[in-house]
Trainee: 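Structure below; questions to follow.
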Amino acid sequence: MVMTATKTKWVYLFREGSGDQKDLLGGKGAGVAEMTRAGMPVPPGFTITTEACRQYYADGRKFPQGLWEQAQEALKDVEKATGKGFGDANNPLLVSVRSGAKFSMPGMMDTVLNLGLNPETLGGLERLTGDERFALDAYRRFVQMFGKIVKGIEGDIFEEALRGAKKLAGAKTDPELTPADLRQIVEVFQAIYRDHTGEAFPTDPMAQLRAAIEAVFSSWNTDRAIAYRRAERIADDLGTGVNVQTMVFGNMGEGSGTGVAFTRNPITGANELYGDYLVNAQGEDVVAGIRDTEPIASLKKRLPAVYKEFEQYARKLESHYKDVQDLEFTIERGKLYMLQTRNAKRSGEAAVKVAVAMHKEGLITREQAVARVEPRQLEQLLHPRVDPNVKEKPIGKGVPASPGAATGQAVFDADTAEEWGKLGRAVILVRVETNPADVHGMIAAKGILTSTGGTASHAALVARGMGRPCIVGANQIDVDLRAREFSSNGTTIKQGDEITVDGTTGNVFSGKVTTIEPKPSAEFNTLLSWADKIRRLEVWANGDYPRDAEKARANGAQGIGLCRTEHMFMEEERLPIVQAMILAETTEEREKHLAKLLPLQRSDFNGILKAMKGLPVVIRLIDPPLHEFLPNREELVRETTELRITKKKAKRLAEAEKLLARVEQLSEANPMLGLRGVRLSILYPEITRMQVRAIIEAACDLKKKGIDARPEIMIPLVGHINELRSVKAELEPVAKQVQKEKGVQVHYKFGTMIEVPRAALTAGEIAKDAEFFSFGTNDLTQTTFGYSRDDAEGKFIGRYLEQKILPRNPFETIDSGGVARLMGIAVKEGRAARPGLEVGICGEHGGDPESIKICHDLGLDYVSCSPYRVPVARLAAAQAVVAEGSTSR
Ligand code: PEP
Ligand code: MG
């Protein structure tokens, strides 16, 4: 037993710990402890706790009191267990010193092998193994690793010296080096060490051990470890454990070797031992990829008894942990040693397959199976993606905004994208940014790439909605729209050149790279059917066209949560009518143009209501400011100036001048907070009267054909009850009148979006007149924080996240402290005023798994997201139930 006078126990022998102590011992420490307990051949050792690492930092980078004494005592136990002595020239004990945090951080922290070697123990190792070359090679590796890890000497300096020595000795590979060569290399390495540190290479094994432990503690806070934690959302204050373990050697001849194996295939999920094995090698050789590995199956031929033993352990560990294990092992002269077990990282495909198989095998419950798969991993399965085995290097990288991969010819404007698309060409639309005028090009494109913008920029939102792969904010890419080309890291891509964008990783490639097509497996459908039985939240989809509705239904959507009617105004043949309507000087004139839009809108609504028959369709009345439908001001100024100078085309000049005057009249200092949403309906009620007429006419026509249409009419941006009352007073009579004209009654509701704080705070009043609420969390986030989304994401959110001023991007995950609180008030007070009030969310957050959990906890009825994200949302909604432990089956 390891015990000292101090109270805190900093050191655990492997046999003292257990698998459920990941917090204290780190993942690796807990794994070796569990294997030791289960009687598996684990080389003896001990773990220094993560608590010791935290204390080390708290004390200003000093070993906590009692740690070193406990480590020395533990070492004595290891000496006894192995019958070897640390520093004993006759029978030396050598150890490895490795990091091991609670969550695996592959390759991020440091390891020192063969620790305990010095000129005396080297002699002992030579005698014991009868292999001088092996012993010298171990020493050479030790000096190199110790110098690099503990003293921070550039690894390349040693590698360079090694290459020089090989050249001098006429050796191509390491094994060709003779003992004499190696002896010389050790000397050179020690000289490098001396030059860089100003001190001799330490010969005292205890001093080596102390320094190595300290180096592992320090590696917790290297730049790369910090960056990794940020990317993986791992807390900075967990600390790492340190594992000191007896060395076993896989490089002692043909009967030795080392390998890494998974209990199931981590790429496909197939139930087979999968991994790599390297004969006569040490672990670092497998990782470094210096030599070609053999598949694990070859071990079966070489050492059948060892393979059988390993297979048994693998099975036992998997059923113990009830999850796929990633195992490390070494064979030293025919004897198997288990070095590590941990839950394996796996592809989306494997995650789904394994979760379903493990339930069927009786290892885990359905709820556990559903909780096992990361919702984001499902996305990988829904879009084509770049084959992870491709060798090509990306030419640039941006923010992955909409997953999937696409290859096509680069084009730099929406019209060309559309033109080429009609000719059947695959195109990728490359822009600095996109705006609503580019939508037709985005529809025609297979993928979208912008050099600016964040995950909620126009390009990102539209691309996700359409399921198009999209990369935004690729700031290494220098787009020259005039020259129709972009350059990135020395490569120039001209219009027509082929590129591939991978919206899952954010990588941009020149040319075509191999992609993999999605094909949802039977297991995928099974897992989602389990999720459907568990979840409480319904999942609806945002969609503007019948094709979106069809996709949504195919993916399991239970309604349309947002149909943005203005998208229909943007379409090419309608825009001139919409513009004429906006330019109209009198209400009568405006109504004339609106009459032309009516049949077009009616057929839009007919299509979407029909596709969603029997299910609710929330149709939002016009929201954006009117100037968005008019040409850009700068372009009009340029055009009018040119026309005035050339004095040609007088008619066009008059038109352009009129347009410009109206654009200037409509221009606002801050359109996001200006004349939009319900405010527009109050100033121009004839527009929304036309929209309501179109909706109810479409529903009545369908009803007459026996089709159950369920429109829900949504009024955006309400902040005061009187806004809603005023608009409803205009619109309800229209709905009644249409039904009278058509001679049928249809199901419909009038409701509102909750997307400004005042609406949330006065939800009790608003609910008296609203039959449903839908949280527009895009605007609610903007108005709660007082950020305009594009400005915030383009300018300062990145810095805020870096400096931890904000824990998350609130446009991706609902801000739990502010926005969610407002939502909570609205749900509670809304339902108090109108029991059973239907409440959903249609902002971008509706497809984000963490936000879905918040919506579940707040008691919403449904979340609505892009049709492509519906399966992700179904799974996330079920996980929210599993997380609270109240499964209903
Ligand atoms: C919202 O504000 O969340 C919303 C859905 O509306 P839009 O994004 O169209 O403003
Ligand atoms: Mg909005």
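As the structure lists them, so they are numbered: ligands from 1, and atoms in each ligand from 1. Note that the structure is predicted; figures quoted are calculated from it, not measured.
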Trainee: Looking at Tyr545, does the NZ or CZ of Arg547 lie under 6.0 angstrom from its six-membered ring centre and within 45 degrees of the ring axis?
Mentor: yes

Trainee: Testing the 3.5 Å rule here: is there a donor-acceptor pair between the side chains of Glu697 and Asn606?
Mentor: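 Looking only at side-chain atoms, Asn606 and Glu697 do not form any donor-acceptor pair under 3.5 Å.
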
Trainee: With a cut-off of 4.0 Å, which atoms of ligand 1 are near a heavy atom of Asp623?
Mentor: 10 (O)

Trainee: Taking 4.0 angstrom as the limit and counting only heavy atoms of Asn778, give me the atoms of ligand 1 inside it, by number and element.
Mentor: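 By the 4.0 Å cutoff, the relevant atoms are 1 (C), 2 (O), 3 (O), 4 (C), 5 (C), 8 (O).
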
Trainee: Would you check whether Gln782 reaches within less than 4.0 Å of ligand 1, judged by its heavy atoms?
Mentor: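 No, Gln782 has no heavy atom closer than 4.0 Å to ligand 1.
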
Trainee: With a 4.0 Å cut-off on heavy atoms, does Arg620 reach ligand 1?
Mentor: yes

Trainee: Side chain or backbone, does Arg564 bring an N or O within less than 3.5 Å of an N or O on ligand 1?
Mentor: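 The answer is yes, given that Arg564 and ligand 1 share an N or O pair closer than 3.5 Å.
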
Trainee: Contact between ligand 1 and Arg789 is defined here as a heavy atom of the residue under 4.0 Å from a ligand atom; is it met?
Mentor: no

Trainee: Just which atoms of ligand 1 are under 4.0 Å from any heavy atom in Met753?
Mentor: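 Going through ligand 1 atom by atom, the ones under 4.0 Å from Met753 are 4 (C), 5 (C), 6 (O).
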
Trainee: Provide the number and element of each atom of ligand 1 under 4.0 Å from a heavy atom of Arg676.
Mentor: 10 (O)

Trainee: State the atoms of ligand 1, each with its element, that fall below the 4.0 Å cut-off from a heavy-atom position in Gly776.
Mentor: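 Per the distance check, 1 (C), 2 (O), 3 (O).
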
Trainee: Are Arg676 and Asp623 within salt-bridge range, i.e. N to O under 4.0 Å?
Mentor: yes

Trainee: Is the shortest heavy-atom distance from the side chain of Pro469 to the side chain of Lys446 under 4.5 Å?
Mentor: no

Trainee: Quickly, which of Ile713, Ile619, Val738 forms a side chain to side chain contact (heavy atoms under 4.5 Å, CB included) with Val692? Name it, please.
Mentor: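 Of the listed residues Ile713, Ile619, Val738, the side chain to side chain contact (heavy atoms under 4.5 Å, CB included) partner of Val692 is Ile713.
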
Trainee: Test of geometry: compute the angle OE1(Glu755)-the Mg ion (ligand 2)-OD2(Asp779) and round it to 10°.
Mentor: 100°

Trainee: Which of the numbered atoms in ligand 1 are under 4.0 angstrom from any heavy atom belonging to Leu562?
Mentor: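 Answer for ligand 1: 5 (C).
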
Trainee: Could you tell me whether Thr777 approaches ligand 1 through its side chain, its backbone, both or neither, with non-hydrogen atoms closer than 4.0 Å?
Mentor: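 It is the backbone that gets close, since no side chain atom is under 4.0 Å.
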
Trainee: Looking at Arg431, is its backbone amide N or carbonyl O close enough to the side chain of Thr450 to form a donor-acceptor pair, meaning the two atoms are under 3.5 Å apart?
Mentor: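 Absent.
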
Trainee: Going by the order shown, which atoms of ligand 1 are within less than 4.0 Å of some heavy atom of Asp779?
Mentor: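 The atoms of ligand 1 under 4.0 Å from a heavy atom of Asp779 are 1 (C), 2 (O), 3 (O), 10 (O).
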
Trainee: Could you give me the CA-CA distance, side-chain angles and deciding distance for Phe772 and Phe750, then say whether ring pair (Phe, Tyr, Trp, His ring centres under 6.0 Å) is met?
Mentor: CA-CA 7 Å; Phe772 66 88; Phe750 270 105; 8.9 Å; no

Trainee: Test Lys613 against Asp708 for salt bridge (charged side-chain N to carboxylate O under 4.0 Å, His left out), laying out the working first.
Mentor: CA-CA 5 Å; Lys613 60 177 178 274; Asp708 180 15; over 6 Å; no

Trainee: Is the backbone of Gly776 close enough, under 3.5 Å, to the side chain of Asp779 for a donor and an acceptor to pair up by distance?
Mentor: no

